[in-house]
Structures are given as C-alpha cells and as structure tokens.
Amino acid sequence: MIKLKCLGAGQEVGRSGFLIQTDDENILFDYGLKLHPKYLGKADSKKIDSERYTEQPLQIKEYLDAVILSHAHLDHSGNIPFLFKKDEPNLFLTEGTLDLSNILWLDTLKIAKYDKKEPFFQKEQIATAYDSAFYLDLKKTTEISENVKLTFYDAGHIVGSVISVLEMQGKKIMYTGDFRASKSILFPGYDRNLPKVDYLIMESTYGDTSHEAREEKEKKIINSVLESIEKNGKVILAAFAIERTQELIALMHKYKIEAPIYVDGMGIKVAKVFLDYPEYFNDYKEFKNAINRIEFISNYKVRKKVLKSNKAAIIITTAGMLEGGPIIQYIKEFGEDPSTKIILTGYQVKGTNGHRLETTGKLYIDGELFQPKCKVEHVSLSAHPDEKELLELVDLVKPKKIITVHGDSDVILEFKKTLENKGYEVFNPKVGDTIKLL
Ligand SMILES: [Zn+2]
Ligand SMILES: [Zn+2]
C-alpha cells in the first residue's frame, strides 16, 4: 500500500506539502507557506488596515521518517522548521537549498517581529533543521530509510532545486517540485535524463498556458529600460529575491546596459549564495562578471544616496509583488516623476499591491492609496514550464498515474482534461484529500 495525502497546494499555489504513506513509512515532500496579500479590501477604499498573514499546510500527526525539500522558495520551504518543534526527522535536500532556505527562514522571523506576530517557529527550530540535514548530490541514489531510495535531478528552476525520485515497494514516485524546461540566462533547464516512473506528482502552475519566447520578453524589458535611461529616468525593477533578481542582473550585463545598476533587499544575500554553486549555471563566469558590475545597497546611507540621485539608474529590488520591502521607498521617492518606470517582472497574485498597481494604477503605501505618475509595465519572466513543456516531461517519464498539484483550480481542471485526452489516469487532489497509489 502506498498513499499520498495532500497537505497543501492542492488546486492552489502556495504551502506545498505532500505526505507519502505506507504501512511503515511516512515521507514528506516540502512544507511551505502561503503568503496572503497585505492589503485586503476594495482597491479604491481610501485607507485600510494592513494585515499580512501566512497560511500553513495541514498539520502532521504521524512520525516522519524523512522530509525531502525540493527547493528554497517560500511556498515549498517556508514552514520546514515548524516540523522540528516536536520531532527531529531527517531532512534531505541539496546544500544550495539549505543555504537559501536559511536566509528565508531568518527573514520570516524578522517579518513576524516587525508585524508583532508570533511566528510558527523560532531560531532553535532552524538550528535543529540544520543539524538534521543531509545534503544529497545530484544523480546519486541514497538509501534514506530502510528499503526507501531517493535520487535528485537538477530541476533547472533555481540554485539547488531538484526533481526527486523515490523508490519503494518496487515502485518509483517522482515529485517535480517546481521545474523549468527552457534555458534561461542563468540555468540550462531541467535534466532530461530522467527514469521512467510509476507515479508522477507534478506542478501545473501554467498547465493551460503557452509562454511567449523568453528572448522576446527579455528584449521587451531591455528596450523599456533603454527608453527610460535615454530620458535620464529611473527604472525600478520589481523582482523576487530568489532567482529573478539574479536573472535581471545577468540580463542587464548581457545587453551591456551602461547606467548604474543597484540591487536592494534580500536578493543581495541570495546572489552571494548563488556564487557558491557554479555547477547549476550555463555560464558561471559571465554571472560572476555580471555581479561584479552591481552596486549592492547594503545600508540606509547608500540607499539615501540613490534616493537623492537625479541621474539615470536601474534599481532591482523586492518585494516582487510590492507587498512591502525597499521597493516601496523607491516608488514613494521616484513614482511622481513621469520619467520613472516601474517594471513588474513576476507573476502578480490577485489582491497584492503589484496586481493592484497593474490593474488600477494605484497601490498602498503606509496604508494610504497612492497613484504614481510614472509608467507601469508588466513583463513576467516565468521560471515554470508551460503546457507544452509539462507534457514533454510526462512523455519522458511515462507515468501510470499523474497527480497534478501547485496550480489554481481552473488551471488544474483544464490540464487534467488535456492529460486524460492523452490517455493518462489523473488525480487532482484538494487540500486534505488522500489518494491510493498502490
Ligand atoms: Zn519555486
Ligand atoms: Zn512553487
């Protein structure tokens, strides 16, 4: 008997958590957090209270024999330390994932303190998670528990990200985590040398979408950046801290953009961790050169200097959906100037400040609605596969059963139809559902 219980990210994106259960084993894939928008309520209401909150996956009563973490993004890693409150399960991941997750976990504690909220875990649990970690190399099979083997393959999504294959009871279970199919400036895309598997748990974020060619999107951003620089304007690039910030740094270098480039926020620490892992890159040397051209904004004094500057500049900063972070100060300072441009470079969840700015031209700053006079553009550089690329992976590993997760419900239902038309048996569990695999 092998069962899969969906603890989170069932017909939703965020708080991933999937429990594999047999008569003797409980093995967990990921344990993330879902971040809910800070400013809820009507977009045009004048002043509202801010309340940022995070949602956990369902709790686990069983003793965990192993925890496997696919990558460091908050929706997968965010609540891992919580698991170390009562037990000390073995944690399997890559070294890069642990380094990046650690930055995120500590930041979560900082945000909780700022919001005057009780976090789901404390520093002690982060330390215990660290002590319980086993780093696995890519493509090396390890016995993680009696009669259970695990192999990691490069998922091409961020530094450290993996596609996992579990072997138990003569069956192979693959969990894709988040993966990227197409080559980006930084990464080559996922390792195609994957085994055939029996059960495939796969992300379906863009299961009903066809992505525009990546290079076209990159050119759009570059042309827009050049247009603003020529007018001596500022370009504020809203970017997620892990991967997007570093990709934009590489993009500016690739096209030899000459204006000063500043990076502010958590993306700085992340870039430094990226430098420790050359094995994930297409061209590590070029990435290093790109980093060397950046001015990192390490303290308020340097930030003040940039905020007072009247020269053209590119500012790459967080939060990617404008839910706080240093970007708010830059928008406050430069948003009134029509020569400024704000470019949103990632997916904007409904209800977030970024989505609000894109759709209504307004955003909340310090609890007040603010309407910048500058241009706002959205060019989303996705790090996920589109429908065609998802189907390519399915064809490659030829599963007997497919479990679609990590996608909005309408996308998941659409993608299920597509897979069923190709003759596959498909499950799309909701949070709390259990599926019998064997
Ligand atoms: Zn991710
Ligand atoms: Zn994800």
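In listed order, ligands and their atoms are each counted from 1.
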Fill in: salt_bridge(Lys254, Glu286) N-O dist < 4.0 Å
no
Between Thr176 and Met202, the two heavy atoms sitting closest are OG1-CA, 3.4 Å
Should the pair Asp75-Lys34 be classified as a salt bridge under the 4.0 Å nitrogen-to-oxygen rule? no
Looking at His157, the N/O/S atom that lies nearest to the Zn ion (ligand 1) is called NE2
Sorted by chain and number, protein N/O/S atoms nearer to the Zn ion (ligand 2) than 2.8 Å are Asp75 OD2, His76 NE2, Asp178 OD2, His406 NE2
Taking NZ, NE, NH1 and NH2 as the nitrogens, is one of them in Lys430 or Asp433 under 4.0 Å from a carboxylate oxygen of the other? no
Review point. Under 4.0 Å between a Lys/Arg side-chain N and an Asp/Glu carboxylate O for Arg356 and Glu323?
Key: no
With sequence neighbours left out, the residues meeting salt bridge (Lys or Arg N to Asp or Glu O under 4.0 Å) with Lys183 are none
